[in-house]
Amino acid sequence: PISPQKSPARPSLAASRPVVRLAPRPRSPDKMVNCPKERKTYCKKCNAHKKHKVTQYKAGKASNYAQGKRRYDDKQTGFGGQTKPVFHKKAKTTKKVTLRMECRTCKSKKHLGLKRCKTFELGAKKAASGHQY
């Protein structure tokens, strides 16, 4: 008896199609972020989790002697008006917050960048939710 020949197995269409993953919908920035003034987190110097004092990072005063500032000032001198573009199209309504954490034991500092938020509070008491008696 002759056995019937089977046709070669065709790959299923589902396996050959690329997998399409939808990107998460971009969230609008949170209106307010409240952060404690002290947090327990990892310290590289101590090589352990220690208490850190949390403050909001603020950039220092720009130096007049930085290379970019010296180059800009040199280019601006003389005739010819404004030489470099001045930015006017401000679109963002929020700022990204950076936390500066200082280890309580060894005083080493580190930065932690947060997401965008309209207002940022450090150590503010949470308003109790629900009915107040």
Side-chain angles (χ1 to χ4, degrees):
I2 303 168
S3 62
Q5 286 189 342
K6 292 180 182 174
S7 62
R10 283 179 44 203
S12 67
L13 290 173
S16 64
R17 266 193 221 136
V19 177
V20 178
R21 290 209 170 87
L22 296 174
R25 193 179 329 135
R27 283 181 16 161
S28 62
D30 287 332
K31 288 174 176 60
M32 189 171 72
V33 173
N34 188 1
C35 193
K37 284 188 179 177
E38 191 175 70
R39 82 161 46 169
K40 196 173 181 184
T41 186
Y42 181 74
C43 174
K44 278 184 187 172
K45 207 169 172 185
C46 300
N47 195 26
H49 275 71
K50 300 281 182 181
K51 283 188 176 178
H52 283 69
K53 178 180 151 189
V54 179
T55 52
Q56 190 173 352
Y57 168 76
K58 183 176 177 286
K61 183 174 177 275
S63 168
N64 276 334
Y65 304 109
Q67 178 61 65
K69 177 72 171 141
R70 284 182 282 147
R71 187 185 291 119
Y72 176 75
D73 289 342
D74 191 45
K75 196 173 183 181
Q76 286 290 88
T77 56
F79 298 107
Q82 181 68 33
T83 58
K84 291 184 82 59
V86 179
F87 185 70
H88 292 296
K89 298 180 180 178
K90 188 176 182 300
K92 301 275 188 279
T93 57
T94 57
K95 293 228 184 232
K96 288 182 179 178
V97 178
T98 302
L99 298 182
R100 181 174 175 268
M101 295 191 278
E102 182 182 327
C103 180
R104 291 265 192 216
T105 53
C106 69
K107 302 286 185 251
S108 71
K109 288 110 184 149
K110 68 175 186 177
H111 288 180
L112 175 71
L114 299 181
K115 290 182 179 177
R116 293 184 174 275
C117 60
K118 293 240 181 205
T119 55
F120 177 76
E121 288 180 344
L122 204 58
K125 296 282 181 214
K126 260 189 183 175
S129 60
H131 182 70
Q132 300 297 309
Y133 290 101

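What you are looking at is a predicted structure, and each value in this text was computed from that prediction instead of being measured.
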Rounded to the nearest 0.5 Å, the NZ atom of K109 sits from the OG1 atom of T55 at a distance of 9.5 Å
Value for SG (C103) from NE2 (H49), rounded to nearest 0.5 Å, stands at 11.5 Å
Taking every heavy atom of V33 against every heavy atom of C117, the minimum-distance pair comes out as CG2-CB, 3.6 Å
Is it the case that more than 12 heavy atoms not belonging to Y65 sit under 6.0 Å from its OH atom?
-> no
So salt bridge (Lys or Arg N to Asp or Glu O under 4.0 Å) across residues 83-96, not counting sequence neighbours, yields none
Note: K75 and T83 closest approach over all heavy atoms is O-CG2, 3.5 Å
D73 meets the salt bridge (charged side-chain N to carboxylate O under 4.0 Å, His left out) criterion, sequence neighbours left out, with K69
Residue set satisfying ring-ring contact (aromatic ring centres under 6.0 Å, His included) with Y72, at least two apart, ordered chain then number -> none
Shortest non-hydrogen pair, C35 vs V54, comes out as SG-CG1, 4.5 Å
Value for NZ (K53) from NZ (K107), rounded to nearest 0.5 Å, stands at 8.0 Å
Taken in chain and number order and not counting sequence neighbours, the residues that satisfy side-chain contact (heavy atoms from CB on, under 4.5 Å) with H111 are Y57, T98, R100
Quick note, side chain to side chain donor-acceptor pair (under 3.5 Å) partners involving residues 33-48, not counting sequence neighbours, are E38-R104, Y42-N47
Taken to the nearest 0.5 Å, the spacing of E102 CD from K110 NZ works out to 13.0 Å
Sorted by chain and number, sequence neighbours left out, ring-ring contact (aromatic ring centres under 6.0 Å, His included) with H88 holds for none
CZ (R71) and CD (Q76) are apart, to the nearest 0.5 Å, by 13.5 Å
Go through the steps to decide whether T105 and C43 satisfy the test side chain to side chain contact (heavy atoms under 4.5 Å, CB included), and finish with yes or no. CA-CA 10 Å; T105 53; C43 174; 5.7 Å; no
